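First up is the structure itself, then whatever we jot down about it.
It should be emphasised that the depicted structure is a prediction, and the values quoted were computed from it without experimental measurement. Residue numbers begin at 1 in each chain, while the letters A, B, ... track the order of the sequences.
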Amino acid sequence: MVPLDPGRVRAYLESLPLLGKGAEAEVRVGDYAGVRAVFKYRLPKRYRHPLLDSRLRSTRTRREARLLDRAYSAGVRVPMLLAVYPSLGLLVVEYVEGVLLREWLMVQRSGWRPLVREAGSLLARLHRAGIVHGDSTTSNYIVARDGLYLIDFGLSEASHSIEERAVDVHLFRRSLESAHASIAERAFQEFLGGYLSAAGEWGERVVRRAEEIRLMGRYVAARRSVWADHGGGVDSCEARPGHG
Amino acid sequence: MASVATRNSSRSSSGEVVVLGIESTAHTFGVAIVSSEPPYVLSDVRRRYTPRAGGILPREVAAFFSSVAGEAVGEALSAAGVSMREVTAVAVALGPGMGPALRVGATVARALAAAYHKPLVPVNHALAHIEVARFDTGLRDPLVVYVSGGNTMIASFLDGRYRVFGETLDIALGNLLDTFAREAGLAPPYVVGGRHAVDICAEGGEYIDGLLPYRVKGQDVSYSGLLTAALRALRRLGPGALPGICYTLREIAFSSLVEVAERGLAHTGKKQLVLAGGVGANDLLREKLSLMASDRGVEYRPVSKKYAVDNGVMIAITGLLAFTHGIVVEPSRAYIRQRWRLDEVDVPWYPSTLGG
Ligand SMILES: Nc1ncnc2c1ncn2[C@@H]1O[C@H](COP(=O)(O)OP(=O)(O)O)[C@@H](O)[C@H]1O
Ligand SMILES: [Mg+2]
């Protein structure tokens with residue numbers, strides 16, 4: 001069992017094999033009450049103010065537990081929640097055997113269509129359950145033997161907002177474009193097909209809004225403002241020695 | 001610096017390429033001469049438009065640029081000890097940026113290219129910020145955090161182009177700081193010696209937890225809610241609270257950016273990190289990124305402050321690399337592109353840069 005003493009939990013976790021290091025958490029595999037489990041520990045970040053850091057780690061952990069649980073109850077394919085220790089930033093969930101969709105898309109040359117389509121319908125089902133994911137990239141879908149699972153609910157919210165749903169769709173698209181450029185456009189169309197098939201009549205509005213968000217982000221360049229470095233209006237720098 | 005005569009002889013014998021680069025996308029009219037041979041940067045002339053009260057007026061900028069363009073070109077050539085005849089190609093930033101400002105640079109570049117029969121090289125301004133940072137830091141294959149008045153993006157190279165891994169969903173980081181400063185009544189200029197008015201006003205303050213919202217969405221940040229909340233807090237708490245609000249605003253804005261940068265590193269697996277763009281001159285941001293990178297075991301270097309802000313050198317360097325890879329444009333077809341996306345530009349020279 002996980003010791004409840006915060007001073008000892010770190011040592012306990014470090015005794016477990018490291019499965020991966022995500023953006024904000026260290027993920028380890030262990031045993032929890034006889035179940036093969038994933039221990040997700042949100043590391044403290046030195047670059048953030050300590051008050052901000054501890055608040056973010058505990059609220060995200062708490063939120064992840066709550067929304068994971070809610071999604072699971074609604075029948076969305078997510079790992080089962082086993083335990084949560086918000087003040088430690090520790091979450092324990094069922095282990096899902098498989099590979100990340102991101103990795104899968106990088107090595108597989110064919111057969112991606114039904115998978116990406118399934119990713120779309122999985123996201124729509126989550127949205128239907130009143131949850132937005134907040135980080136719906138290909139790094140957060142696991143391709144398991146029995147289908148796709150959604151993981152990583154640290155940025156999720158209980159919401160029915162079209163805007164927030166559209167951000168999810170946009171994030172998925174961008175993760176295709178940035179990591180799987182050669183199939184990105186086709187894969188996104190497939191994803192949309194899956195999304196619209198499982199979404200309600202609101203699906204079309206989400207897709208339209210996602211397109212608008214995409215244009216907005218990229219085009220802020222047109223709204224440049226002043227970022228002048230010196231007070232003076234004129235300066236000229238001489239040639240300087242070269243460097244390798 | 002080597003004498004003009006020495007460089008002349010080496011130029012003819014070794015196939016040295018010399019590029020004149022022009023930057024005019026926003027507030028700076030920059031002209032620089034860059035060579036394919038050390039010391040690479042031969043001159044770097046900048047004329048900066050300083051607005052009277054906050055906002056930047058495109059037409060005023062254009063008028064200012066037109067009035068300084070001729071002398072800036074002349075000064076860049078003479079400081080480099082190079083004549084137009086010795087220039088191999090002319091490079092110009094055609095976007096993204098403000099139309100009237102861009103038009104001045106494009107017109108000057110077209111005229112120079114036509115008058116001296118030089119090839120014209122189109123350069124994307126965002127790409128140039130990244131390329132000068134790679135050149136300057138020596139990091140060849142980094143994840144790039146590019147932050148300026150109008151841009152906030154996390155980019156890295158994949159399959160021939162820079163791809164955007166994260167960005168702002170609404171306003172840019174520089175825009176957030178400038179707009180807050182203006183609305184809070186802080187006096188322009190907002191940046192002096194790399195320090196923003198918000199940095200200076202934060203000095204007497206401390207972090208107030210829970211005052212302002214922290215918004216990270218996937219790999220993206222969102223700043224417009226932060227701006228609104230900060231201004232509302234200021235109205236509610238009064239001017240006495242300004243230092244605390246500035247401190248908190250900066251803490252949240254920078255921390256969320258560092259977080260999405262870390263997410264970009266996790267997503268791409270890159271082992272190097274570079275900070276580029278005008279807001280990259282900010283000391284606190286440089287320091288926060290450095291903490292994150294060292295905890296992650298990633299090699300990190302911010303671009304030197306001199307090349308963080310807009311300048312002609314970045315255009316000339318990128319233009320030189322592009323030119324040697326056959327990228328040129330007919331002067332009559334060198335249209336400006338106010339909304340030219342970074343991921344629309346091919347980068348065939350990657351990962352090499354000037355000097356290797
Ligand atoms: N339930 C799970 N089953 C199997 N592997 C998991 C599970 N949860 C997370 N992982 C692995 O750990 C990595 C990081 O987990 P994640 O929840 O996405 O954290 P982060 O917020 O740091 O991205 C995932 O990319 C995946 O490889
Ligand atoms: Mg993840």
Bottom line for B/R215: the part with an atom under 4.5 Å from chain A's heavy atoms is side chain
**Q.** Pairwise side-chain contact, A/D135 with B/Q219, heavy-atom cut-off 4.5 Å (strictly under)
**A.** yes
### Task
Answer yes when A/D168 and B/K217 have at least one side-chain N-carboxylate O distance shorter than 4.0 Å, and no when they do not.
no
Note: vs chain A, highest number of non-hydrogen pairs under 4.5 angstrom among B/D295, B/N311, B/I252, B/V260 is B/D295
Intermediate values then yes/no, side chain to side chain contact (heavy atoms under 4.5 Å, CB included), A/K45 and B/V258:
CA-CA 10 Å; A/K45 301 290 183 191; B/V258 176; over 6 Å; no
If one checks every heavy atom of A/L43 against chain B at 4.5 Å, the contacting part turns out to be neither
Exercise. Would you check if the side chain of B/E262 reaches a backbone N or O of A/E24 as a donor-acceptor pair within less than 3.5 Å?
Key: no
- [ ] Evaluate the side-chain proximity of B/D220 to A/R174: yes if any heavy-atom separation is below 4.5 Å, no if none is.
- [x] yes
CG of B/L169 to CG of A/L171, rounded to nearest 0.5 Å, is 7.0 Å
Applying a strict 4.5 Å limit to non-hydrogen atoms, the region of B/R296 in contact with chain A is side chain
Count the heavy atoms belonging to other residues, nucleotides or ligands that lie under 6.0 Å from CZ of B/R163, then report whether that count exceeds 12.
yes
The interface call for B/S256 against chain A, heavy-atom contacts under 4.5 Å, is neither
| field | Minimum side-chain heavy-atom gap B/K288-A/R46 below 4.5 Å | value | no
Closest non-hydrogen contact found for A/G22 with B/A266 is C-CB, 4.0 Å
So, the part of B/V216 with a heavy atom under 4.5 Å from chain A: the answer is both
Is the shortest side-chain N to carboxylate O distance from A/R60 to B/E259 below 4.0 Å? yes
d(A/R48 CZ, B/Y214 OH) to nearest 0.5 Å is 4.5 Å
Taking atom CD of A/E14 as the centre, report whether more than 12 heavy atoms of other residues, nucleotides or ligands fall under 6.0 Å from it.
yes
Output for pair (B/L211 CG, A/L52 CG), nearest 0.5 Å, gives 12.0 Å
Looking only at heavy atoms, the pair that brings B/G210 and A/R55 closest together is N-NH2, 3.6 Å
To the nearest 0.5 Å, atom CD of A/E177 lies from atom CG of B/D159 at 12.5 Å
- Item | Non-hydrogen side-chain atoms of B/H267 and A/S175 separated by less than 4.5 Å | yes
Rounded to the nearest 0.5 angstrom, the OG-CG distance for A/S54 and B/D209 is 7.0 Å
Practice prompt. Report yes if some heavy atom in the side chain of B/E287 is under 4.5 Å from a heavy atom in the side chain of A/Y47; otherwise report no.
Written response: no
